[in-house]
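One structure below.
Just so you know, these numbers use all the heavy atoms, side chains as well, and skip hydrogens, waters and symmetry mates. Proteins get letters first, then strands, A, B, ... in listed order; numbering begins at 1 in each.
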Amino acid sequence: MDQKIAPVRVRFAPSPTGHMHLGSARTALYDYLIAKKTGGKFVLRIEDTDFKRYMPGAEEELISGLRWLGLEFDEGPDIGGPYGPYRQSERKEIYLEHARRLVAEDKAYYCFCTPERLTKMREDQQRRKEPPHYDGTCRNLSIDESERRIHDGEKHVIRFKTPKEGTTTVRDLLRGDITVENQTLDDYILVKSDGWALYHLAAMVDDHLMDITHVIRGSEWLPSLPLHALICRAFGWQEPIWVHLSVFLKPSGKGKMSKRESADLLKDGYSIFIKDLQDLGYTPEAVVNWVALMGWSYDDHTEFFTLDDLVKKFNLEHLNPSPAAINFTKLDHFNGLHIRNFTDQEFANRITPYFLQAGIRTDPETLLKIAPILKERVATLDDAIEMAGFFFKDKVNPIAGELPGKGMSNEQMIEVLKKSHSLLSGFEKITVADVEPVMREYVEQSGFSAGQVFGILRVAVTGQRISPPLFESMEIIGKEKVLERIENAIKLLE
RNA sequence: GCCCCCAUCGUCUAGUGGCCCAGGACGCGGCCCUCUCAAGGCCAAAACAGGGAUUCGAAUUCCCUUGGGGGCACCA
């Protein structure tokens, strides 16, 4: 069915300047999927040449984020590989050599203009309503003069000698040919005065040296795509296949998520950061499933996918170029779906750390028993704490006012609790099969509704108005504790 | 300001000239189930941005307008 695709080499190349977010996660996911699908390689490369913006711990967060999502990479800074090193900060000389080669071939040149002059130049251009452009002062300096000035210790950068005339056409896999007038391009800086390469050079050199076949990245790179193609062509390299993914917009669909909005979002229990999502009780399965479908679709209308499903079904052809607003309620939906898809044991394992974090001591047997009745009713894993914390407490503390008893007096509630207590006492142990028929029979005779009777019992036994089913809960809690809690509630009412 | 990209229900999307008075999913509303809350089942409302052109025929092709997004650093 699927035509055989040659093995790809793809790279996820984040810069360690901030927290890993949904956009990165999706790019990495698609990289992983297409690599696995074609039997290719998924490499992680850290683009850390901007020391000013470097964020300590970002690389570790990236790696643990990838692993949490299940996106194991084949080559990377911590595991190495045949194309290393995988940190750009360890490849300075490689970029410099390449830049010099371009200079030697008259495809780049040394520029001695000071940042101050360039800033002023730009301001003047802006004032004259001209697009900001390098004015070409050093573009035609002779090699001799350049070398003399370098020798004299003059600060310099290396600029790309962008063609002044004609057009450049590059093919993006999702959008087709994109053509720009070369005169709208600039003589971009390739190497900074401190000798470090800029992204444009470093990424192209690395992609070539690392045999990258497909460059999958965000569409914020689209404007510099012609430059990148021109650089590849200047070196005489074959270009990779360019794939620019749509951007993610904030839920309203109006623009990208800002820092301030991310903070607001967190108050509602959502986040665009992978680390947060984990803490908020989302499963990696759901995040993967959800994010995969933001910009990609599968044609038979199925939407529930595991990572393995996606590896089988993913393709580059169904990618969608238009921007996508993030829909967190759909994440909730997928989270529920995947939670319910877990085995009871798996679910028990997953919620354990959340209880731990909340300071609630659990035991594996009970966890396994509550799993089936809990799985159906939590949206996020940490919901389990609120919903099922009472299973692990010695006693619960219902508030008198919390005991519902719609339209019932205190005396009536006490009556119900006392009767229930005596009924339950008659059993050797509480099981749903034994107890439920008896209790329902009591409801019949009592004149109260099932909602009234079970509602009071629920609060007495669980301390909550909302809980998993009453009888199942009582069976798990055990007769002794149940009776104790009912007695407690009676005392409270009296 | 200049350059580039995008445009189907509120949102994510299917749709590559006739199968579409547009299909699915989330959400929303209703009903069923029901000891609470969920889950599940069923039903409903909801979109081709506007204008031209091509064609026997356009959501699908082309042009313009409008709207939205991204980019214009010795950041990535």
Side-chain angles (χ1 to χ4, degrees), chain A residues 13-18 47-50 52-53 111 113-115 118-119 122 125-126 128-133 155-159 172 174-175 178-181 184-186 188-194 196 198-200 202-203 217-226 244 246-247 249 251-256 290 293-304 318 320-334 336 340 373-379 383 387 404 436 439-440 443 449-459 462 464-471:
Chain A
S15 58
T17 54
E47 312 229 321
D48 55 350
T49 53
D50 182 1
K52 285 193 220 72
R53 293 203 311 158
C111 171
C113 299
T114 63
L118 294 174
T119 308
R122 254 194 304 274
Q125 288 167 336
Q126 303 247 18
R128 279 180 266 130
K129 302 241 186 295
E130 288 170 16
H133 256 70
K155 281 245 180 205
H156 61 278
V157 300
I158 297 176
R159 282 184 187 272
D172 171 75
L174 318 191
R175 285 159 261 256
I178 295 169
T179 300
V180 294
E181 299 280 339
T184 65
L185 268 23
D186 204 353
Y188 300 92
I189 293 174
L190 263 19
V191 178
K192 295 186 270 186
S193 58
D194 62 6
W196 282 96
L198 248 22
Y199 175 88
H200 304 301
R217 43 148 53 165
S219 66
E220 64 270 20
W221 291 109
L222 227 33
S224 43
L225 176 58
H244 292 86
S246 61
V247 287
L249 271 24
S252 65
K254 305 270 181 219
K256 287 216 283 192
W290 175 57
L293 258 7
M294 297 178 66
W296 176 81
S297 59
Y298 190 64
D299 32 67
D300 74 353
H301 285 154
T302 45
E303 287 205 330
F304 181 86
H318 282 69
N320 186 153
S322 38
I326 300 171
N327 183 352
F328 284 102
T329 57
K330 196 142 187 177
L331 171 60
D332 285 331
H333 172 250
F334 280 123
R340 272 166 259 132
I373 54 175
L374 214 52
K375 269 193 332 191
E376 306 294 325
R377 24 185 68 78
V378 295
D383 282 349
M387 179 74 85
E436 185 168 1
M439 289 305 291
R440 288 201 183 273
V443 168
S449 72
Q452 287 175 314
V453 173
F454 298 156
I456 293 165
L457 273 173
R458 177 188 318 285
V459 175
T462 69
Q464 305 170 184
R465 311 179 84 131
I466 296 171
S467 81
L470 220 212
F471 297 106

Can you list the residues that meet the salt bridge (charged side-chain N to carboxylate O under 4.0 Å, His left out) rule with A/Glu130, with sequence neighbours excluded?
-> A/Arg128
In Watson-Crick or G-U wobble terms, with both distances under 3.5 Å, the base opposite B/rC21 is none
Whole Å only: how far is the CG atom of A/Asn327 from the C1' atom of B/rA25?
-> 10 Å
Give the rounded distance in Å between these two atoms: NZ of A/Lys129 and C1' of B/rG1.
-> 7 Å
Find which nucleotide of RNA chain B each of A/Leu293 and A/Glu181 is nearest to by heavy atoms, and output the residue with the more 5' nucleotide.
-> A/Glu181
Can you list the residues that meet the side-chain hydrogen bond (donor to acceptor under 3.5 Å, both in side chains) rule with A/Thr302, with sequence neighbours excluded?
-> A/Asp300
Whole-Å P distance, B/rG24 and B/rG17 = 23 Å
Strictly under 3.5 Å: I want the nitrogen or oxygen pairs between protein and nucleotides 37-41 of chain B, one per line.
unit_1 : atom_1 : unit_2   : atom_2 : d
B/rC37 : O2     : A/Arg377 : NE     : 2.8
B/rC37 : N3     : A/Arg377 : NE     : 3.1
B/rC37 : N3     : A/Arg377 : NH2    : 2.8
B/rC37 : N4     : A/Arg377 : NH2    : 3.2
B/rA38 : O2'    : A/Glu376 : O      : 2.6
B/rA38 : N3     : A/Arg377 : NH2    : 3.4
B/rA39 : O4'    : A/Glu376 : O      : 3.1
B/rA39 : O3'    : A/Arg340 : NH1    : 3.1
B/rA39 : O2'    : A/Glu376 : OE1    : 2.9
B/rG40 : OP1    : A/Arg340 : NH1    : 3.3

Distance check: side-chain N/O of A/Asn320 vs OP1/OP2 of B/rC6, anything under 4.0 Å?
-> no
Side chains of A/Leu457 and A/Met439 in contact at under 4.5 Å (non-hydrogen atoms) | yes
Trace of the side-chain contact (heavy atoms from CB on, under 4.5 Å) decision for A/Val157 with A/Arg159 | CA-CA 6 Å; A/Val157 300; A/Arg159 282 184 187 272; 4.2 Å; yes
Rounded to the Å, how far apart are A/Trp296 CH2 and B/rU13 C1'?
-> 12 Å
In whole angstroms, the gap separating P of B/rC5 from CG of A/Asp172 amounts to 10 Å
Listed by chain and number, what are the side-chain hydrogen bond (donor to acceptor under 3.5 Å, both in side chains) partners of A/Ser193, not counting sequence neighbours?
-> none
Please give, in whole Å, the distance from B/rG24 C1' to A/Phe334 CZ?
-> 12 Å
Where does the angle between the aromatic ring planes of A/Tyr199 and A/Trp221 fall among parallel (under 30°), tilted (30 to 60°) and perpendicular (over 60°)?
-> parallel
At under 4.0 Å between heavy atoms, what does A/Asp332 touch on the DNA or RNA strands: base, sugar-phosphate, or nothing?
-> nothing
Separation of the P atoms in B/rG27 and B/rC64, to the nearest angstrom | 41 Å
Quick one: A/Trp290 CH2 to B/rC26 P, roughly how many Å, whole number?
-> 16 Å
For nucleotides B/rC31 and B/rA44, find the distance between their C1' atoms and express it as a whole number of Å.
-> 10 Å
Annotated protein contacts, base or backbone, on nucleotides 69-76 of chain B with a non-hydrogen cut-off under 4.0 Å, one of B, S, - each = SBS-SBBB
Does the side chain of A/Ser297 get closer than 4.0 angstrom to OP1 or OP2 of B/rA14 through an N or O atom?
-> yes
Who passes side-chain contact (heavy atoms from CB on, under 4.5 Å) against A/Pro16, sequence neighbours left out?
-> A/Ile46, A/Asp48, A/Tyr54, A/Ala58
Classify the ring geometry between A/Tyr188 and A/His200 as parallel (under 30°), tilted (30 to 60°) or perpendicular (over 60°).
-> tilted
Reckon A/Ile178 touches a base, only the sugar-phosphate, or nothing at all at heavy-atom distances under 4.0 Å?
-> sugar-phosphate
Using atom C1' of each nucleotide, how far apart are B/rG68 and B/rG50 to the nearest Å?
-> 15 Å
In chain order, what residues pass the salt bridge (charged side-chain N to carboxylate O under 4.0 Å, His left out) check against A/Arg340, with sequence neighbours excluded?
-> none
Considering residues at least two apart in sequence or located in another chain, which fulfil the salt bridge (charged side-chain N to carboxylate O under 4.0 Å, His left out) criterion with A/Arg175?
-> A/Asp172
Calculate the interatomic distance between A/His133 atom NE2 and B/rG1 atom P; express it in whole Å.
-> 18 Å
Could you work out which one of B/rA14, B/rC3, B/rC35 sits closest to the side chain of A/Glu436?
-> B/rC35
Looking only at atom P, what distance separates B/rC2 and B/rC62, rounded to whole Å?
-> 25 Å
Pairing partner (Watson-Crick or G-U wobble, both distances under 3.5 angstrom) of B/rG10 = B/rC26
Hey, does A/Gly295 reach any base, or is it just sugar-phosphate, or nothing, if we go heavy atoms under 4.0 Å?
-> sugar-phosphate
Take the protein atom CG of A/Leu225 and the nucleotide atom P of B/rC3, then report the distance between them rounded to whole Å.
-> 18 Å
Toward the 5' end of RNA chain B, by each residue's nearest nucleotide, A/Thr302 or A/Arg440 = A/Thr302
Distance between C1' atoms of B/rC48 and B/rA22 (Å, rounded) = 8 Å
With both distances kept under 3.5 Å, what pairs with B/rA53, Watson-Crick or G-U wobble?
-> B/rU61
Given the C1' atoms of B/rC4 and B/rC9, what is the spacing between them in whole Å?
-> 29 Å
Please state the P separation for the pair B/rU61 and B/rU8 - nearest whole angstrom.
-> 13 Å
Qualifying residues under side-chain hydrogen bond (donor to acceptor under 3.5 Å, both in side chains), relative to A/Ser467, sequence neighbours excluded = A/Arg458
Over 12 foreign heavy atoms within 6.0 Å of NZ, A/Lys192 = yes
Using purine N1 to pyrimidine N3 plus N6-O4 or O6-N4 for Watson-Crick, or N1-O2 and O6-N3 for G-U wobble, each under 3.5 Å, what pairs with B/rC72?
-> B/rG1
